[in-house]
Amino acid sequence: MQIVFVSSEVAPWSKTGGLADVCGSLPQALVARGHRVMVIAPKYQNGSKSDVLYEGAFDTCVKAKLGCFGGEQEVGYFHQMKNGVDYVFVDHPSFHRKGGLYGDSYGVYGDNQFRFTLLSHAACEAPLQLPFAECGGYYGQDVVFVANDWHAGLVPTLVASKYRPHGVYKDARTICAIHNILHQGAEPSTTFPNLGVPNEWYGALEYQYPEHMRAHELDEGRVVNILKGAIATSDRVLTVSQGYAYEITTPEGGQGMEGLLLSRQNRLDGIANGIDMDEWNPEADADCAAAFTVTDMSGKLECKRALQKELGLPQRDDVPLMGFIGRLDWQKGPDLLQNALHDMMREDVQVVMLGSGLPELEDFMRWAESTYPDKFRGWVGFSVPMAHRITAGCDILLMPSRFEPCGLNQLYAMRYGTLPIAHATGGLKDTITAYNAFGDADKVLAGTADYNQGEGVGTGWLFKDMNADALMWAVRSACDVYRSEPKMWRAMQTQAMTQDLSWDNAATKWEKVFEWSKIDPPHCG
Ligand SMILES: Nc1ncnc2c1ncn2[C@@H]1O[C@H](COP(=O)(O)OP(=O)(O)O[C@H]2O[C@H](CO)[C@@H](O)[C@H](O)[C@H]2O)[C@@H](O)[C@H]1O
């Protein structure tokens with residue numbers, strides 16, 4: 001099959017979170033399974049050293065004229081082939097600016113609707129206009145588009161409204177892939193004409209906020225919601241774990257989309273993410289002090305000591321070192337760590353947090369570090385090498401996410417024998433096996449345990465209630481096992497490290513969804 005991923009970020013070129021990791025590595029796994037895959041993302045240029053990442057991409061010299069925002073917008077395309085995947089970067093001045101991908105210190109950019117409308121239009125044109133002369137020729141019309149999150153969410157609506165009615169992309173299919181339903185790309189309904197979607201399709205995008213979410217009495221709460229349009233018009237909807245696929249059909253998890261998703265339940269699937277086994281490999285991780293394997297964990301201890309030294313924490317082997325990596329926002333639950341901090345600091349533990357986001361939580365990290373200098377370190381910022389060192393050097397990874405569509409950090413952690421403590425939600429619940437005190441540590445260590453018969457020991461801790469007491473229960477349980485039951489700890493690490501976390505597994509399931517999408521007629525014919 002020919003598959004076209006459309007995404008606002010793709011690693012290693014542009015990354016703020018897990019979406020970039022997925023769009024960087026899943027396509028390679030699909031290519032390894034014999035598919036032809038293109039990934040389309042913006043060519044960001046922010047004047048920093050990350051700009052050089054695009055140096056390997058060459059200008060195709062194709063210019064597409066896109067009908068939106070009251071005229072014709074011209075974009076260019078750059079192309080780089082890597083590990084068999086066609087990475088295509090959309091070039092437009094609105095992607096060239098200082099600051100982050102979506103905003104800067106003043107907040108989110110005011111023209112994001114414009115920037116990502118361009119991305120979606122450009123993506124729809126790419127298979128038709130890019131010749132790929134030396135590598136396979138035009139993709140043409142027989143493609144499966146995967147529109148990731150709201151930024152690419154106009155793709156299904158454009159295919160259904162602008163192309164299919166004119167006989168183009170009749171055999172193509174569109175998948176709306178939801179990595180995070182919190183962000184939907186909603187703007188006032190008066191912006192609809194900007195989108196370049198035919199007028200009669202307004203209803204597909206219209207959404208009305210419930211009364212309690214409106215600003216004032218005269219506010220009708222009427223918006224155009226790009227993700228809603230994608231869910232309504234795509235051929236299938238896919239999200240990144242089975243647990244989250246269920247949660248988004250409930251009022252608690254659906255962020256207003258639950259009704260629509262329920263109506264599309266027979267076309268909704270959940271597939272847990274895999275990980276890039278080369279980038280996250282404890283046997284060969286250039287960012288870490290030492291290498292280790294499941295049979296020889298001595299290098300992990302070296303990583304721990306090196307991390308303690310780098311952070312200026314007391315170098316002690318016996319103290320459980322716990323890490324947190326992630327955006328400091330409501331989703332990831334760093335405020336729960338804030339609430340539990342005093343209790344946690346009463347235990348004999350060390351904690352390191354890496355993240356950036358809400359200024360008050362960044363300040364909390366600085367405050368905690370100065371209050372507990374022997375036990376707490378806060379690293380405000382975004383550093384992939386540091387994320388690797390924390391993942392390798394810690395004993396425990398904390399993931400108190402309020403909701404988590406899949407979560408990648410817990411998968412990386414388990415590969416490095418770092419046991420996660422996580423809120424039992426979404427993909428965390430699906431991918432972490434809870435500690436089982438009655439499991440057979442000897443059999444797990446010998447590789448003969450039958451996990452279906454309850455002989456497994458688990459790969460981490462899951463707490464159900466989103467409060468500090470529940471988190472502390474899990475922290476104390478984990479610290480007990482760490483200190484008093486080294487064999488059990490080792491068995492949990494073994495179970496965690498020997499799981500198949502690779503993309504091969506997930507790619508086979510994605511492939512099935514592509515096949516199913518082809519079997520059914522288009523949802524909007
Ligand atoms: N300060 C920092 N420094 C360095 N690296 C940092 C960092 N903060 C975060 N990261 C990295 O960003 C990625 C975060 O990925 P996640 O999947 O955990 O969450 P995210 O919410 O971004 O993704 C959304 O999409 C993904 C992909 O589907 C889902 O797994 C997830 O549940 C969903 O919320 C990881 O690679 C992590 O190491």
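Both ligands and their constituent atoms are indexed starting at 1 by order of listing.
- Between the CZ atom of F376 and the CE atom of M345 there is a distance of 7.0 Å, given to the nearest 0.5 Å.
- Distance check, rounded to the nearest 0.5 Å: CG of L313 to NZ of K375 gives 11.0 Å.
- For the atom pair L358 CG and L328 CG, the distance stands at 7.0 Å (nearest 0.5 Å).
- At most 12 non-hydrogen atoms from other residues, nucleotides or ligands lie less than 6.0 angstrom from NZ of K429.
- Residues with a heavy atom under 4.0 Å from ligand 1: K15, G17, G18, L19, D21, V22, H179, V240, N273, I325, G326, R327, Q331, K332, L354, G355, G381, F382, S383, V384, A387, E404, P405, C406, G407, L408, N409, Y412.
- Between F514 and H35, the ring center distance fails the sub-6.0 Å criterion.
- In this view, K304 and D395 satisfy the salt bridge (Lys or Arg N to Asp or Glu O under 4.0 Å) rule, not counting sequence neighbours.
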